[in-house]
Amino acid sequence: MQYAVGAPLPPPRGQASGPGAAMNWTPHPGQPTPPSSSPAPAAPPVPVQQPAPQQSWQHPAPPQSPPPANGGDVTGQIQLPPAAPVPLPSPPADTAAPDAAHTAVAVLLIGPAGAGKTSVARHWADTRRVPTAHISLDDVREWVRAGFADPQAGWNDHSEAQYRLARRTCGFSARNFLANGISCILDDAVFPDRPVVGLGGWKRHVGPGLLPIVLLPGLEIVLERNARRSGNRRLSDEEVARIHGRMAGWYGSGLPIIDNSQHDVATTVRVLDDVVARSIASPPTW
């Protein structure tokens with residue numbers, strides 16, 4: 001009878017007195033001996049075929065490679081450089097305007113809901129000539145499924161904690177992308193009059209080399225774009241108007257502002273390239 005691999009062996013059919021008794025193993029009983037007053041002559045011993053040595057189910061462990069001397073992260077055989085705060089971009093040595101399409105940068109696109117931040121950021125990342133990643137804070141915040149603190153339901157300690165966690169995650173990702181030669185553009189609705197969701201946290205998590213740029217179309221355009229949204233990304237008209245009014249505080253802040261009221265996405269991206277080039281040549285003070 002065959003038994004499944006890993007199943008316990010059945011109990012022995014009787015007590016053994018020969019070899020293997022100490023291991024609860026009963027040898028093959030052979031032919032039964034009929035009762036008789038005199039024992040029958042013993043049959044010649046049958047040669048017992050020794051079982052072949054069983055193969056081990058475990059493969060030998062591969063040799064362990066020593067840890068890298070510098071302590072960097074290793075993925076397979078590719079060693080990744082550690083992340084560091086993004087430094088200020090170095091202006092070009094010549095007087096010509098820098099080529100923003102080939103420069104590794106970290107851009108923070110700021111604007112109210114309906115400004116087109118996500119569409120512009122994604123298109124800008126798609127069309128650059130160097131590897132570029134797009135990181136949306138709203139997308140990262142919605143990684144939390146069960147227990148998601150929707151800010152539309154009210155801003156409280158729970159929603160603020162999840163916002164801070166998402167912002168720190170975005171900053172960590174941006175620093176790792178830049179450390180490996182990949183530019184990134186982040187988007188978030190950063191308020192000029194609210195330190196909790198202000199630029200200080202972004203500068204702390206990404207580094208002083210982050211280039212903040214404001215995308216601020218007119219209120220009518222923002223309301224029209226917000227009306228085309230669905231789900232929890234769509235806000236009430238009153239909330240959109242309130243956010244747009246607070247975003248007007250960026251005027252006079254020294255940050256570059258793009259009014260894309262009359263621009264499509266492709267045109268706005270070209271304007272964004274020019275603004276990034278000027279910011280690299282002369283980083284804004286913030």
Side-chain angles (χ1 to χ4, degrees), residues 85-86 88 106-121 134-144 147-175 184-223 225-226 229 231-261 272 275 279 283-286:
V86 178
L88 288 170
V107 176
L108 175 62
L109 200 58
I110 301 169
K117 301 185 301 296
T118 301
S119 299
V120 171
H134 170 224
I135 307 173
S136 173
L137 182 130
D138 284 343
D139 290 344
V140 174
R141 184 164 53 183
E142 291 178 359
W143 287 354
V144 179
F148 171 64
D150 192 345
Q152 293 190 43
W155 187 265
N156 49 41
D157 292 343
H158 194 36
S159 56
E160 179 180 330
Q162 290 191 5
Y163 171 83
R164 290 177 178 270
L165 177 60
R167 184 177 60 186
R168 184 172 61 186
T169 303
C170 291
F172 177 79
S173 301
R175 289 167 60 166
C184 63
I185 180 169
L186 310 103
D187 68 80
D188 182 25
V190 182
F191 291 95
D193 58 345
R194 196 170 184 181
V196 172
V197 289
L199 284 176
W202 282 109
K203 187 175 184 178
R204 181 172 62 255
H205 293 306
V206 180
L210 182 66
L211 302 177
I213 299 173
V214 181
L215 197 64
L216 190 57
L219 177 59
E220 297 80 6
I221 303 299
V222 169
L223 289 172
R225 292 172 179 169
N226 179 71
R229 291 182 165 190
N232 64 340
R233 296 293 179 93
R234 181 173 179 174
L235 308 179
S236 65
D237 289 350
E238 294 77 12
E239 182 71 9
V240 172
R242 186 183 66 84
I243 294 176
H244 186 274
R246 295 177 64 179
M247 288 289 175
W250 287 117
Y251 286 104
S253 65
L255 297 184
I257 298 177
I258 300 175
D259 182 355
N260 60 330
S261 299
L272 179 60
V275 174
S279 297
T285 301
W286 55 288

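Note that NE2 of His134 is 9.0 Å distant from OG of Ser119, once rounded to the nearest 0.5 Å. Once rounded to the nearest 0.5 Å, the distance linking CG of Asp188 with CG of Leu108 reads 6.5 Å. Glu238 contributes atom CD, which lies 9.5 Å from atom CG of Leu223 (distance to the nearest 0.5 angstrom). Going from atom CG of Asp237 over to atom CZ of Arg242 covers 13.5 Å, rounded to the nearest 0.5 Å. Considering SG of Cys170 and CD1 of Ile135, their distance stands at 6.0 Å, rounded to 0.5 Å. Atom-to-atom distance recorded for Thr118:OG1 and Arg233:CZ is 6.5 Å, nearest 0.5 angstrom.
At least one side-chain heavy atom of Pro256 sits less than 4.5 Å from a side-chain heavy atom of Ser279. Looking only at side-chain heavy atoms (C-beta outward), Tyr251 and Val214 stay at 4.5 Å or farther from each other. The side-chain heavy atoms of Asp150 and Ser159, taken from C-beta on, include no pair separated by under 4.5 Å. Side chains of Leu216 and Trp250 form no contact here, defined as non-hydrogen atoms less than 4.5 Å apart. Side chains of Leu215 and Asp187 form no contact here, defined as non-hydrogen atoms less than 4.5 Å apart.
Across Arg229 and Ala113, no two heavy atoms sit closer than the pair NH1-CB, 3.7 Å. The two residues Val144 and Gln162 come nearest to each other via the heavy atoms CG1-NE2, 4.0 Å. Ala149 approaches His158 most closely through the heavy-atom pair CB-CD2, 3.6 Å. Nearest heavy atoms, Ile243 versus Pro112: CG2-CB, 3.8 Å. Nearest approach of Arg167 to Arg204, heavy atoms of both residues: NH2-NH2, 3.8 Å. Minimum heavy-atom separation, Leu210 to Val107: CD1-C, 4.0 Å.
Between the Asn226 side chain and the Leu235 main chain, a donor and an acceptor come within less than 3.5 Å of each other. No side-chain donor-acceptor contact under 3.5 Å links Trp143 to the backbone of Ala166. A donor-acceptor contact shorter than 3.5 Å links the side chain of Arg225 to the backbone of Ala115. Side-chain atoms of Lys117 never come within 3.5 Å of backbone atoms of Ile110 as a donor-acceptor pair (strictly under, hydrogens ignored).
For Arg168, there are no side chain to side chain donor-acceptor pair (under 3.5 Å) partners, not counting sequence neighbours. Partners of Arg164 according to the side chain to side chain donor-acceptor pair (under 3.5 Å) rule, which considers only residues two or more places apart in sequence or in another chain, are Glu160.
Looking at Ile213, Thr285, Leu199, Val275 one by one, the single match for side-chain contact (heavy atoms from CB on, under 4.5 Å) with Leu255 turns out to be Leu199.
At a cut-off of 3.5 Å, with distance as the only test, a side-chain donor of Ser261 or Asp259 sits close to an acceptor on the other residue.
Environment of CG in Asn156: crowded, with over 12 heavy atoms of neighbouring residues, nucleotides or ligands closer than 6.0 Å.
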- Message: Pair Arg141, Thr169 - check side chain to side chain contact (heavy atoms under 4.5 Å, CB included), show working.
- Response: CA-CA 9 Å; Arg141 184 164 53 183; Thr169 303; over 6 Å; no
- Query: Is there a side chain to side chain contact (heavy atoms under 4.5 Å, CB included) between Leu109 and Leu272 once you walk through the steps?
  - Reply: CA-CA 10 Å; Leu109 200 58; Leu272 179 60; 4.3 Å; yes
